[in-house]
K.L.:
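Following this message is one structure expressed as structure tokens.
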Amino acid sequence: MCGVDALSEAIVSLKNVEKWFGDNHVVRNMNLDIAEGEFLTLLGPSGCGKTTTLRMIAGFEDATEGTILVEGERVEDKEPFQRDVNTVFQNYSLFPHMTVYDNVAYGPSIRKTPKAEIRERVKEMLDMVQMSGYEKRKPDELSGGQKQRVAIARALINRPRVLLLDEPLGALDLKLRKQMQIELKRLQKKLGITFVYVTHDQEEAMTMSDRIAVMKDGVIEQIGRPAEIYRRPKTRFVADFIGESNIFEGVVEHVGDRTGADGSASGGARLLGIRLGAGRVSACGEGFSAGDRVYVSVRPESLCVSREKAEGFDLPASVTDTVYMGTLTKILLRTADGQEVKYSRFEQEEDLRESMGVYLCWQPEKAVVIPAEAERGESR
Ligand SMILES: Nc1ncnc2c1ncn2[C@@H]1O[C@H](COP(=O)(O)OP(=O)(O)OP(=O)(O)O)[C@@H](O)[C@H]1O
Ligand SMILES: [Mg+2]
């Protein structure tokens, strides 16, 4: 499941990796292959083991068990300076006594690169991170965001084959952060460097990554392309963590015909009738039987609200709040059993007023059905 395309070779490979700090089990049976040139993001909440995983790939931290290969060699067999891996940390310390220019020029200088080439490369890097004109400043004359940009330039100038980045944009304001996301991604593609990127910001992960590994409690819950993870979350945690979702708990009552509408090549999905605490709904799912406990995940933009029941649905709710946000309207509703439901829409359809009684529905193939066991397995 975590494998890369058979045609592309894995440049970083984790096999059955475990990490314990004392009796704290922080990385659990991790298997991950990262393809050359790939932008892979480790995404997850605080404390889930992202930095620890990155530090093990960098060779700063030993795995308790398992193997980590970078370019086919075990990381522990090489000294950090021998590795084609560079790291940018959130609080990267620049050399304080050196100017911005000398900090960025450091890598190529110790490799005895010709001076003219160094000048050209430093200029290119400082332009890229929008720090031209700051060449003569010392790090303590820079803001946090500026230091971070110099740190990125200092790592990228070495053109490492693998660059590890731990929340590199965390200190930047939103506007600069969005701009840097695009710049970094563009540069990564241009230079063909493999990025292993850590963030807890799901929007950042969605914007930048070729693949995202969603982590929780030291476990990769799901790995895949951003759109795949958004559209087909495999666990309740992933559905909840990536974007906004309405998650209903229920039991499969009826398994209908094949729909072929699940978006998968096999088209083995069936139309399921599902009983919820507050009503009855329909959704497409594969491999379910009557009596199975499930979660039904529906994005706010996939929800429909109507004054009448739709076929296969009987889920009454009442409007509690409407918030107009320019072109988008966000509406909160509540089902009979008290569950809050988020609904968003772009155009103004019928007027939804507070405390109005309505029925909720959706196109069955727009909902994702997740086995409740998947969630039980992940909780500890
Ligand atoms: N050197 C250490 N010694 C003991 N425990 C540690 C050490 N480093 C990390 N941990 C613990 O390991 C767990 C994972 O930490 P890690 O720093 O990898 O999380 P993270 O996903 O990077 O979180 P954040 O988003 O907050 O940076 C945490 O419970 C943390 O307290
Ligand atoms: Mg961290």
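Order of listing sets the numbers, starting from 1, for every ligand and every atom in it. Numbers here simply count residues along the sequence, with the first being 1. Only a predicted model underlies this, so the values are computations on that prediction, with no experimental measurement involved.
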K.L.:
For distances below 2.8 Å, what is the count of protein N, O or S atoms around the Mg ion (ligand 2)?
P.N.:
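Protein N, O or S neighbours of the Mg ion (ligand 2) under 2.8 Å, waters not counted, come to 1.
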K.L.:
When you compare the side chains of Ser318 and Ser355, does any donor N or O come within less than 3.5 Å of an acceptor on the partner?
P.N.:
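Judged by distance alone, the side chains do not pair up.
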K.L.:
Any chance you could lay out the side-chain hydrogen bond (donor to acceptor under 3.5 Å, both in side chains) test for Gln146 and Tyr134, step after step, and finish with the verdict?
P.N.:
CA-CA 9 Å; Gln146 291 169 336; Tyr134 290 84; 3.3 Å; yes
K.L.:
Protein heavy atoms: any of them under 4.0 Å from atom 31 (O) of ligand 1?
P.N.:
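Answer no: nothing from the protein, no heavy atom, is under 4.0 Å.
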K.L.:
Looking only at the side chains, is there a donor atom on one of Gln188 and Tyr197 sitting less than 3.5 Å from an acceptor on the other?
P.N.:
no
K.L.:
Classify the side-chain pair Lys50/Thr52 by whether it contains a donor and acceptor separated by less than 3.5 Å.
P.N.:
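No - no donor-acceptor pair under 3.5 Å links their side chains.
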K.L.:
Backbone or side chain, does any N or O of Phe21 fall under 3.5 Å from an N or O of ligand 1?
P.N.:
no
K.L.:
Using 30° and 60° as the class limits, which term best fits the ring planes of His25 and Trp20: parallel, tilted or perpendicular?
P.N.:
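Parallel, since the angle between the ring planes stays under 30°.
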K.L.:
Against heavy atoms of Gly49, which atoms of ligand 1 measure under 4.0 Å?
P.N.:
14 (C), 18 (O), 19 (O), 20 (P), 21 (O)
K.L.:
Considering only protein heavy atoms, which is closest to atom 26 (O) of ligand 1, and at what distance to one decimal place?
P.N.:
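That would be Ser46 OG, 2.5 Å.
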K.L.:
Looking only at distance, does Gly44 have an N or O less than 3.5 Å from an N or O of ligand 1?
P.N.:
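Gly44 vs ligand 1: no N/O contact under 3.5 Å.
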K.L.:
When you measure from atom 28 (C) of ligand 1 to every protein heavy atom, which one gives the shortest distance, and what is it?
P.N.:
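Result: Gly47 O, 4.0 Å.
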K.L.:
Do the numbers put Arg236 on top of the ring of Tyr295, so that NZ or CZ is under 6.0 Å from the six-membered ring centre and no more than 45° off the axis?
P.N.:
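Yes, a cation-pi geometry holds between Arg236 and Tyr295.
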K.L.:
Would you mind checking if Asp201 and Arg177 are paired as a salt bridge, meaning a charged N to carboxylate O distance below 4.0 Å?
P.N.:
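Looking at Asp201 together with Arg177, the answer is yes, because their closest N to O distance falls below 4.0 Å.
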K.L.:
If the test is salt bridge (Lys or Arg N to Asp or Glu O under 4.0 Å), which one of Glu204, Glu203, Glu183 qualifies with Lys178?
P.N.:
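Considering Glu204, Glu203, Glu183, a salt bridge (Lys or Arg N to Asp or Glu O under 4.0 Å) with Lys178 is found only for Glu203.
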K.L.:
Any luck finding a side-chain donor-acceptor pair between Asp127 and Ser132 under 3.5 Å?
P.N.:
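Ser132 and Asp127 do have a side-chain donor-acceptor pair below 3.5 Å.
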K.L.:
Taking heavy atoms and a distance under 4.0 Å, where does Thr53 meet ligand 1: side chain, backbone, both or neither?
P.N.:
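The answer is neither.
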K.L.:
Looking only at side-chain N and O atoms, does Thr194 offer a donor or acceptor that is under 3.5 Å from a partner on Glu36?
P.N.:
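The answer is no; no qualifying pair exists.
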K.L.:
Would you tell me which option among Lys50, Met215, Lys216, Glu61 has the nearest heavy-atom contact to atom 21 (O) of ligand 1?
P.N.:
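Among Lys50, Met215, Lys216, Glu61, the closest heavy atom to atom 21 (O) of ligand 1 belongs to Lys50.
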K.L.:
Any donor-acceptor pair under 3.5 Å linking the side-chain atoms of Arg299 with those of Asn246?
P.N.:
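Note: Asn246 and Arg299 side chains miss the donor-acceptor criterion.
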K.L.:
Give me the nearest non-hydrogen protein atom to atom 29 (O) of ligand 1 as residue plus atom name, then the distance to 0.1 Å.
P.N.:
Asn24 ND2, 3.5 Å
K.L.:
Can you pull out the closest protein heavy atom to atom 18 (O) of ligand 1? Residue, atom name and distance to 0.1 Å, please.
P.N.:
Thr52 OG1, 2.6 Å
K.L.:
Over 60° means perpendicular and under 30° means parallel, so tell me whether Phe95 and His97 are parallel, tilted or perpendicular.
P.N.:
tilted
K.L.:
Kindly confirm or rule out an N or O of Val26 lying under 3.5 angstrom from an N or O of ligand 1.
P.N.:
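Looking only at distances, the answer is no, because the N/O contact criterion of under 3.5 Å is not met.
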K.L.:
With respect to Thr51, determine whether any N or O atom, backbone or side chain, lies less than 3.5 Å from an N or O atom of ligand 1.
P.N.:
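N/O-N/O distance under 3.5 Å: yes.
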